[in-house]
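The next block holds one structure in the form of structure tokens; read it before the comments.
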Amino acid sequence: MTIEKPFRTIIEPFRIHSVEPLRLTTRAERASALEAAGYNLFELAAEDVPIDLLTDSGTGAMSVEQWAAIQRGNEAYAGAPSFGRFRAAVTDLFPYTHVLPTHQGRAAERILFTATGGAGLIVPNNTHFDTTRANIESTGAKAVDLPIAEGLQPAARRPFKGNMDVAALERLLSEQAAAVPLVMLTVTNNSGGGQPVSMANIRAVGQVCGRFGKPLFLDACRIAENAWFIKTREAGYEDVPVAHIIRQMAALADGMTMSAKKDPLANIGGWLALNDDALAERCRNLQILTEGFPTYGGLAGRDLEAIAEGLREAVDHDYLRYRVRSVEYLGEALEKIGVPVVVPFGGHAVFIDARAMLPHIDPLAYPGQALACALYLEGGVRSCEIGTVMFGLHPDGTERPAAMDLVRLAIPRRTYTQSHMDYVIEVVERVACLASDLPGMRIISQPRRLRHFTARFEPTSQARPPAARARRGPGAAG
Ligand code: F0G
């Protein structure tokens with residue numbers, strides 16, 4: 001018998017079918033774009049961004065099969081066969097009784113928490129994503145993060161840093177069970193560094209929830225990546241297909257919210273799925289009010305088709321091996337050049353520890369924002385601050401440093417190649433050389449909620465470095 005010997009290089013398991021040109025920009029162009037954007041990268045025009053690592057949400061490339069499926073989209077208002085195919089693909093992995101399509105993940109969150117939230121209530125999670133937190137808080141409820149201690153230590157190398165602190169959940173429930181309508185687990189834990197949650201942790205959280213009679217919901221945006229980590233890191237799952245692991249994860253919970261813009265490989269979409277008939281009824285009424293009729297929700301029939309096909313591709317082992325390896329490739333290179341990064345690397349992004357990289361910048365002068373602006377200015381790489389700008393402002397108007405100040409380099413799915421990543425590595429290296437000169441940031445205007453999207457900033461030093469510095473670097477986009 002011949003045993004197939006694997007090659008070292010894990011290739012992109014696809015070839016490029018149609019291309020989207022990138023506009024290369026000069027440093028001077030980027031300096032003025034940054035200033036016009038109020039140093040908020042969400043305010044940049046995408047044409048001014050050569051390498052866009054702002055998010056992995058809805059930015060992936062669809063496959064030929066997805067584009068073909070789009071042609072089968074049936075746009076009947078009620079009972080479209082596209083909904084049947086969507087529901088079959090969803091329930092194949094997540095066998096919940098009720099599936100409510102929504103226009104994206106946050107719409108599912110809004111429906112779920114409008115139905116279950118309210119003043120005085122508490123919703124625990126390993127770490128809430130910002131829209132989840134905002135949807136809970138907007139009902140008057142409190143969103144509580146219960147990550148394990150290692151989840152807040154960027155340099156702690158543990159396989160499942162996304163886990164929830166089960167003892168803390170148990171304490172919370174023994175003291176205030178009546179105030180908790182449900183418990184959530186975010187897989188992978190995006191705001192905590194894209195770290196996975198183990199099957200053992202999901203089971204333990206589910207058991208505690210069961211004891212207190214509380215439903216457990218998964219925020220399942222990146223569940224395929226999480227399942228791949230379970231397969232490759234948790235004993236006993238080596239030979240279990242990812243689709244089976246996902247079914248096991250789903251069976252430990254009572255429902256889910258989902259953004260189809262992440263692992264399901266679509267550009268738009270989401271859903272809420274659950275078993276509880278009475279709660280589903282309330283949610284469906286809310287869905288009809290603002291999303292649409294239950295068989296299309298906030299989506300066109302063609303979107304439902306793209307999601308159904310994307311879900312099948314998302315659990316393909318060759319795809320997931322490449323996906324996780326390409327993130328690791330970027331992370332390993334940054335670690336090698338001495339950039340402080342969250343380890344081990346998550347499934348969808350590499351997170352730079354901006355607080356450690358820019359120790360001269362106080363957390364309330366936003367080291368993550370300063371670093372993200374420098375990466376754009378120097379090399380046209382757009383990233384996302386996940387730190388004090390995103391989480392530091394509280395509903396009572398007070399501001400405190402977030403647990404970590406991270407900058408996320410999120411990798412869109414099936415979109416960039418290895419040479420793009422090599423270029424990103426060079427850009428980060430150059431910014432690392434300038435680190436001690438980077439100024440902090442000051443907020444000059446901000447809304448009361450979700451300020452990271454629209455706040456305007458200015459650098460804290462009078463000379464407005466680095467934008468005003470005359471230095472001009474070489475580089476493909478510079
Ligand atoms: N939950 C998690 C863990 C997320 O990462 C996101 C979105 C959502 C819920 C909301 O889903 O965007 O479809 O409404 N995350 C994106 C990001 C925006 O950049 O990480 P959505």
Side-chain angles (χ1 to χ4, degrees), residues 40-42 46 49 52-60 100-113 123 125-138 143 145 147 151 161-162 164 184-197 217-226 249 253 255-273 287 290-291 297-299 303 306-307 310-311 314 327 342 346-351 368 372 382-387 389-391 406-413 415 449-450 452-454:
N40 185 333
L41 303 180
F42 284 97
V49 181
D52 203 346
L53 308 185
L54 182 68
T55 177
D56 63 321
S57 180
T59 51
L100 286 65
T102 58
H103 77 275
Q104 59 184 88
R106 67 198 67 184
E109 294 164 3
R110 193 191 54 75
I111 291 170
L112 178 63
F113 293 114
V123 182
N125 199 331
N126 46 354
T127 309
H128 290 278
F129 184 65
D130 59 351
T131 59
T132 324
R133 171 174 288 280
N135 273 303
I136 291 167
E137 289 174 349
S138 75
D145 292 340
K161 285 168 72 175
M164 179 180 269
M184 280 206 106
L185 260 184
T186 304
V187 296
T188 57
N189 186 358
N190 183 11
S191 313
Q195 299 292 319
V197 178
F217 274 73
L218 298 177
D219 174 343
C221 300
R222 299 179 179 86
I223 196 167
E225 291 163 5
N226 197 108
M249 294 167 79
M256 67 189 294
T257 57
M258 182 61 138
S259 168
K261 303 172 75 172
K262 280 82 170 179
D263 276 356
L265 293 162
N267 298 125
I268 194 70
W271 67 86
L272 169 65
Q287 178 199 25
T290 55
E291 288 291 296
L299 296 169
D303 299 325
I307 295 167
L311 268 180
V327 172
V342 176
H348 68 299
V350 172
F351 291 71
R382 175 155 70 168
S383 56
C384 185
E385 192 261 13
I386 299 208
V389 173
M390 196 179 269
F391 298 115
L406 304 177
V407 166
R408 183 183 73 172
L409 303 172
I411 317 291
R413 293 170 181 77
T415 302
R449 244 186 248 284
L450 295 176
H452 56 287
F453 290 128
T454 53

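What's counted below: heavy atoms across the whole structure, side chains too, no hydrogens, waters or symmetry copies. Residue indices begin at 1 and follow the sequence shown. Just follow the structure's listing: the first ligand is 1, and inside any ligand the first atom is 1.
With sequence neighbours excluded, no residue forms a side chain to side chain donor-acceptor pair (under 3.5 Å) with D219. For A107, the side-chain contact (heavy atoms from CB on, under 4.5 Å) test picks out T102, H103, E291, with sequence neighbours left out. For F453, the ring-ring contact (aromatic ring centres under 6.0 Å, His included) criterion is met by F42, not counting sequence neighbours.
Not one N or O on the side chain of N190 forms a donor-acceptor pair closer than 3.5 Å with the backbone of F129. For the pair R133 (side chain) and A143 (backbone), a donor-acceptor distance under 3.5 Å is present.
Looking at K262 and D56, no side-chain N of the basic residue comes within less than 4.0 Å of a carboxylate O on the acidic one, giving no salt bridge.
In this structure, ligand 1 sits under 4.0 Å from heavy atoms belonging to T55, S57, Q104, G105, R106, E109, F129, T131, T186, N190, D219, C221, R222, S259, K261, K262, R408.
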